[in-house]
Protein chains: 2
Amino acid sequence: MYRLTNSFPYLLNRVGVQMGELFSRRIAGYGVTLPMYRVMAALWETGDQRLGDLAAMTTIEISTLSRLVGEMKRRGLVTRARLKDNGRTVAINLTPKGRTLVEELIPIAIHFEEVAVRDFPSKSISDLKSVLAEIYESLKSLEPEIEEANKVRKAAKTKA
Amino acid sequence: MYRLTNSFPYLLNRVGVQMGELFSRRIAGYGVTLPMYRVMAALWETGDQRLGDLAAMTTIEISTLSRLVGEMKRRGLVTRARLKDNGRTVAINLTPKGRTLVEELIPIAIHFEEVAVRDFPSKSISDLKSVLAEIYESLKSLEPEIEEANKVRKAAKTKA
DNA sequence: GAACAATAATTGCATTTGCAAATATCGGTC
DNA sequence: GACCGATATTTGCAAATGCAATTATTGTTC
């Protein structure tokens with residue numbers, strides 16, 4: 001018998017939402033939101049990104065990210081500039097202020113992760129991580145069947 | 001060296017967002033959103049819930065859920081009624097229509113999960129699930145230190 | 001090199017979200 | 001049994017979100 005509460009997406013989502021919520025509250029005093037932290041941490045790892053790449057890296061929808069980056073620029077956390085050799089794209093970077101701030105926050109993120117996983121041997125956590133990374137890749141194979149299912153449905157509807 | 005892309009919350013969030021996004025698109029043709037599916041699947045597993053319990057079970061913020069349930073009631077998917085013996089609380093249930101619909105959607109959810117995990121032995125998936133469940137519990141221990149950190153910060157600010 | 005398709009980012013607009021305040025009911029106390 | 005604090009849900013309001021359309025630039029074809 002199927003149970004939502006034993007399903008993989010449910011268990012995943014629950015931990016993700018809760019960790020996000022707790023971390024949000026923890027960093028609120030620094031004047032940044034969780035999505036802002038994610039953007040800064042992504043840029044700290046890989047700087048000089050285009051908007052689209054940053055969206056893919058952070059899993060933030062691109063129009064949301066465009067506005068978010070605008071707000072972060074206003075606050076002096078990042079820079080955003082059109083490229084000279086390709087005016088369609090834009091290069092986003094941390095400012096020194098943004099870098100300093102994210103380097104204050106990363107230890108908090110590390111601590112949160114530490115607490116979350118401390119009851120498990122590090123082997124099982126690294127396994128878990130690689131499973132999550134591979135599952136993410138597997139998801140790509142679902143794309144075609146989604147389109148297919150919707151096409152079928154649409155055709156049936158047109159006929160009806 | 002810390003890398004966001006190797007952190008547990010990052011890997012978790014990415015899979016969660018992506019699975020949600022794909023599943024949303026897959027079920028859009030049925031006229032329901034992902035949060036609606038979650039509510040229905042939760043009620044299918046455990047019916048006759050109060051709003052607060054349903055919020056805890058689905059990790060949906062309670063005011064959001066209140067409105068969502070209102071909309072689902074309008075659409076004839078659930079019922080919501082104040083209890084006779086305790087007028088503060090309300091009992092939420094699936095309607096026959098809601099039940100029929102969720103029973104169409106659950107097999108799709110099962111299939112998605114299947115595809116996501118098919119490259120791994122079922123043992124490592126059940127391990128993964130129990131780790132996720134335990135981590136969720138461990139997170140409770142972070143609560144007190146969040147308040148503490150914010151208190152400290154606030155005090156410092158007042159002094160300054 | 002003009003016209004057109006393709007790529008990248010932004011913006012308009014309607015919907016969703018979440019906090020805080022309001023509302024409603026209950027349980028206990030005097 | 002009137003009053004007060006606690007519990008449960010809903011609602012007001014401002015901010016965040018996402019889709020679709022728009023703008024801007026580049027690449028391609030004739």
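All values derive from a computational prediction rather than experimental measurement.
Rounded to whole Å, atom P of D:dG27 lies 9 Å from atom CG of A:D85. Taking atom CD1 on B:I60 and atom P on C:dT17, their separation rounds to 8 Å, with Å as the unit. When the P atom of D:dA8 is taken as reference, atom CD of B:Q49 falls 14 Å away, rounded to whole Å. For the pair A:E61 CD and C:dT11 C1', the interatomic distance rounds to 12 Å; values are reported in whole Å. If you measure from atom CG of A:D53 to atom C1' of C:dA8, you get 11 Å, rounded to the nearest angstrom. The distance between atom CG of B:N86 and atom P of C:dG27, rounded to the nearest whole Å, is 6 Å. Between the NZ atom of B:K73 and the P atom of D:dT10 there is a distance of 9 Å, rounded to whole Å. Distance CD (B:Q18) to C1' (D:dG18): 15 Å, rounded to an integer number of Å.
Put simply, B:T64 has no side-chain N or O that comes within less than 4.0 Å of OP1 or OP2 on C:dT17. The shortest distance between the side-chain N/O atoms of B:R50 and the OP1/OP2 oxygens of D:dA8 is below 4.0 Å. A sub-4.0 Å separation between OP1 or OP2 of C:dT15 and a side-chain N or O of B:R67 is absent. At D:dT10, one or more side-chain N or O atoms of B:R80 fall inside 4.0 Å of OP1 or OP2 (strictly under the cut-off).
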Criterion side chain to side chain contact (heavy atoms under 4.5 Å, CB included) on A:N93 and A:L43, from CA distance to verdict: CA-CA 6 Å; A:N93 275 286; A:L43 289 172; 5.9 Å; no
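No continuous path of ILVMFWY side-chain contacts below 4.5 Å connects A:L83 to A:L51, so the two sit in separate hydrophobic clusters. Each of B:V17 and A:L34 belongs to its own hydrophobic cluster when Ile, Leu, Val, Met, Phe, Trp and Tyr are linked at side-chain heavy-atom distances under 4.5 angstrom.
Here the side chain of B:K129 pairs a donor or acceptor atom with the backbone of A:N6 at under 3.5 angstrom.
Relative ring orientation between B:W44 and A:Y2 is described as tilted, the plane-to-plane angle lying within the 30° to 60° band.
B:S63 comes within contact range of at least one nucleobase, with a heavy-atom separation under 4.0 Å.
The residue among A:P35 and A:R82 whose nearest nucleotide of DNA chain D lies closer to the 5′ end is A:P35.
Side chain B:R88 to base C:dG27: no donor-acceptor pair is found below 3.5 Å.
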